[in-house]
Colleague: 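Can you read through this structure? Questions will come right after.
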Amino acid sequence: MTNTDTGSMFLHPDRNLGMELVRATEAAAIRAVPFIGRGDKNAADGAAVDAMRKFLGTVNFDGVVVIGEGEKDHAPMLYNGEHVGNGRGPACDIAVDPIDGTSLTAAGRQNALSMIAVADQGTMYDPKAVFYMNKIVTGHEGRGVIDLRRPIGDNIRALAKAKNKEVSEMTIAVLDRPRHAQLIEEIRDAGAGTRLMLDGDVAGGINAALEETRIDMCVGVGGTPEGIITACALKAVGGFIQAQLRPRDDDERQRAIDAGHDLDRILEADDLVRSDNTYFVATGVTDGQLVGGVRKHGPVIHTESIVLRGKSGTIRRVSADHLAEKWL
């Protein structure tokens with residue numbers, strides 16, 4: 001093997017990376033368990049961050065956090081620009097959320113996740129200028145059918161036709177926020193049902209793209225980082241996403257323009273992450289439709305995870321039992 005060949009081995013995330021990353025999300029989820037339902041979301045998040053950072057340090061890659069918990073001054077959160085991994089493997093962009101749904105965890109509600117998304121270095125969209133975007137996510141049937149600029153009723157009817165379903169059989173996931181009151185009314189006026197989410201539009205988007213779930217579409221205004229993470233996951237399942245930046249005020253609008261963003265542009269998966277060599281890894285903290293939450297059975301802690309790999313189009317579901325005494 002030539003030196004060039006040897007070097008090329010480390011240009012991209014390798015095929016075992018997803019199974020290494022799942023150890024970090026498992027650890028974060030397990031460490032968050034004592035805080036479920038205890039009302040202290042910061043304590044839950046802090047425990048998950050510490051565990052994730054520790055396990056990421058053992059992974060054979062050179063990762064830079066491009067979507068994290070803010071700047072270095074906000075440590076101990078995994079901060080934007082932080083290097084993770086042992087530095088001896090592929091160079092990657094990393095998006096982390098040790099707990100997606102800290103409020104859900106603190107309240108003991110469903111659908112809290114620990115998650116990581118990975119792509120080739122320099123390929124993730126820079127979300128810093130605008131925190132929110134308007135998004136629509138579907139399965140593969142939405143490609144060439146859905147247009148974010150059209151009324152939601154038109155999109156629902158078009159997707160129902162593409163899926164050979166009645167509109168009355170369609171279920172649309174939406175974050176339960178005051179800003180979505182009109183959107184929810186329009187969905188119901190179109191004849192479709194809603195699945196209102198307290199948090200976690202990443203899981204909502206992935207569920208909209210998976211064949212086995214009851215969600216047909218996920219829509220509404222949510223975080224720009226979550227849109228990028230969702231795009232990494234959709235590369236593996238063939239799903240469809242469109243998004244448009246949504247500044248909160250005139251100051252944010254001007255910052256976006258100064259940063260070179262076209263606020264009229266409709267972004268799709270290849271705009272949000274330019275590489276097809278992506279991973280999305282998530283472990284359930286509390287029970288949800290995407291994965292089950294952490295459970296303790298006597299001396300064993302049980303976790304459920306999902307590992308999506310864009311390059312191979314692979315979905316792996318990982319069920320693991322951990323000896324509880326090792327986590328004391």
Side-chain angles (χ1 to χ4, degrees), residues 18-19 21-22 25-26 29 100-101 104 109-117 135-146 155-176 187 191-220 222 226-227 229-242 269 276 278-295 302-320:
M19 301 309 294
L21 293 170
V22 77
T25 57
E26 287 172 346
D100 178 34
L104 299 177
R109 295 192 175 106
Q110 293 188 339
N111 295 311
L113 297 171
S114 176
M115 62 186 184
I116 299 172
K135 293 172 277 192
I136 188 164
V137 184
T138 74
H140 65 89
E141 298 93 346
R143 192 168 289 109
V145 171
I146 296 299
N155 279 323
I156 291 170
R157 287 184 285 272
L159 185 63
K161 182 177 180 181
K163 298 185 75 168
N164 196 27
K165 295 177 69 171
E166 297 293 330
V167 169
S168 61
E169 298 174 321
M170 300 286 284
T171 300
I172 315 301
V174 189
L175 284 172
D176 191 5
I187 292 169
T194 55
R195 175 74 59 86
L196 300 184
M197 304 177 294
L198 292 174
D199 211 339
D201 62 342
V202 172
I206 295 171
N207 279 323
L210 293 174
E211 295 290 339
E212 68 267 23
T213 73
R214 296 180 180 180
I215 295 175
D216 297 287
M217 180 189 296
C218 185
V219 297
E226 286 80 0
I229 293 170
T230 300
C232 288
L234 295 181
K235 296 276 185 165
V237 300
F240 173 79
I241 182 171
Q242 284 187 337
D276 287 332
T278 62
Y279 288 92
F280 171 85
V281 181
T283 300
V285 177
T286 59
D287 284 339
Q289 188 172 353
L290 188 62
V291 284
V294 179
R295 299 177 184 273
H302 181 77
T303 58
E304 291 185 15
S305 306
I306 188 168
V307 180
L308 308 178
R309 188 180 185 220
K311 188 174 183 180
S312 59
T314 305
I315 304 172
R316 288 185 172 88
R317 297 190 178 273
V318 180
S319 177

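Quick caveat, the model's predicted, so the values are computed rather than measured.
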Colleague: Report the distance from atom OG of S305 to atom CG of L21, rounding to the nearest 0.5 Å.
Modeller: 11.0 Å

Colleague: Can you check whether V237 reaches L210 side chain to side chain, under 4.5 Å on heavy atoms?
Modeller: yes

Colleague: Is the shortest heavy-atom distance from the side chain of L104 to the side chain of L198 under 4.5 Å?
Modeller: yes

Colleague: Flag the pair V167 / I156 as yes when at least one side-chain heavy-atom distance between them is below 4.5 Å, and no otherwise.
Modeller: yes

Colleague: Once you round to the nearest 0.5 Å, how far does CD of E26 lie from OG1 of T303?
Modeller: 4.0 Å

Colleague: Between T283 and T25, is any side-chain donor less than 3.5 angstrom from a side-chain acceptor?
Modeller: yes

Colleague: Quick check: closest heavy atoms across A209 and G239, and the distance to 0.1 Å?
Modeller: CB-CA, 4.0 Å

Colleague: Of all heavy-atom pairs between A29 and S114, which one has the smallest distance, and what is that distance?
Modeller: N-CB, 4.2 Å

Colleague: Excluding sequence neighbours, so at least two apart, what forms side chain to side chain contact (heavy atoms under 4.5 Å, CB included) with K165?
Modeller: K163, E169, M170, D216

Colleague: Find out whether T314 and L308 are in side-chain contact, i.e. whether some heavy atom of one side chain is under 4.5 Å from a heavy atom of the other.
Modeller: no

Colleague: Got a donor-acceptor contact below 3.5 angstrom from the D100 side chain to the G200 backbone?
Modeller: no

Colleague: Looking at OG of S312 and NZ of K235, how far apart are the two atoms once the value is rounded to the nearest 0.5 Å?
Modeller: 13.5 Å

Colleague: For the side chain of R214 and the backbone of N207, is there at least one donor-acceptor N/O pair under 3.5 Å apart?
Modeller: no

Colleague: Run the salt-bridge test on K311 and D276 with the 4.0 Å N-O cut-off and return the result as yes or no.
Modeller: no

Colleague: With sequence neighbours excluded, tell me which residues meet side chain to side chain contact (heavy atoms under 4.5 Å, CB included) with E226.
Modeller: K135, D201, V202

Colleague: Could you check R317 against V307 for side chain to side chain contact (heavy atoms under 4.5 Å, CB included), going step by step and ending with a plain yes or no?
Modeller: CA-CA 6 Å; R317 297 190 178 273; V307 180; over 6 Å; no

Colleague: Just verifying a value: how many Å separate M197 CE and C218 SG, rounded to the nearest 0.5 Å?
Modeller: 4.0 Å

Colleague: Does I215 offer a backbone N or O that forms a donor-acceptor pair with the side chain of T171 under 3.5 Å?
Modeller: no

Colleague: In Å and rounded to the nearest 0.5 Å, what is the CZ to CD1 distance from F280 to I229?
Modeller: 7.5 Å

Colleague: Run the numbers on M217 and I136 for side chain to side chain contact (heavy atoms under 4.5 Å, CB included), then give the verdict.
Modeller: CA-CA 7 Å; M217 180 189 296; I136 188 164; 3.7 Å; yes

Colleague: For a side chain to side chain contact (heavy atoms under 4.5 Å, CB included) check, start with the C-alpha distance between L290 and L113, then their side-chain angles and the critical distance, and finish with the verdict.
Modeller: CA-CA 9 Å; L290 188 62; L113 297 171; 4.2 Å; yes

Colleague: Rounded to the nearest 0.5 Å, what separates atom CZ in R143 from atom CD in Q242?
Modeller: 10.5 Å

Colleague: Do V294 and V285 touch side chain to side chain, with heavy atoms closer than 4.5 Å?
Modeller: no

Colleague: Does any donor atom in the side chain of Q289 or R195 lie under 3.5 Å from an acceptor atom in the other side chain?
Modeller: yes

Colleague: Any salt bridge between D199 and R109, counting N to O under 4.0 Å?
Modeller: no

Colleague: Are side-chain heavy atoms of R295 and D287 found at a separation under 4.5 Å?
Modeller: yes

Colleague: Under the side chain to side chain contact (heavy atoms under 4.5 Å, CB included) criterion, do L234 and F240 qualify, and how do the steps go?
Modeller: CA-CA 7 Å; L234 295 181; F240 173 79; over 6 Å; no

Colleague: Using every non-hydrogen atom in the two residues, find where T286 and N111 come nearest and quote the distance to one decimal.
Modeller: OG1-N, 3.2 Å

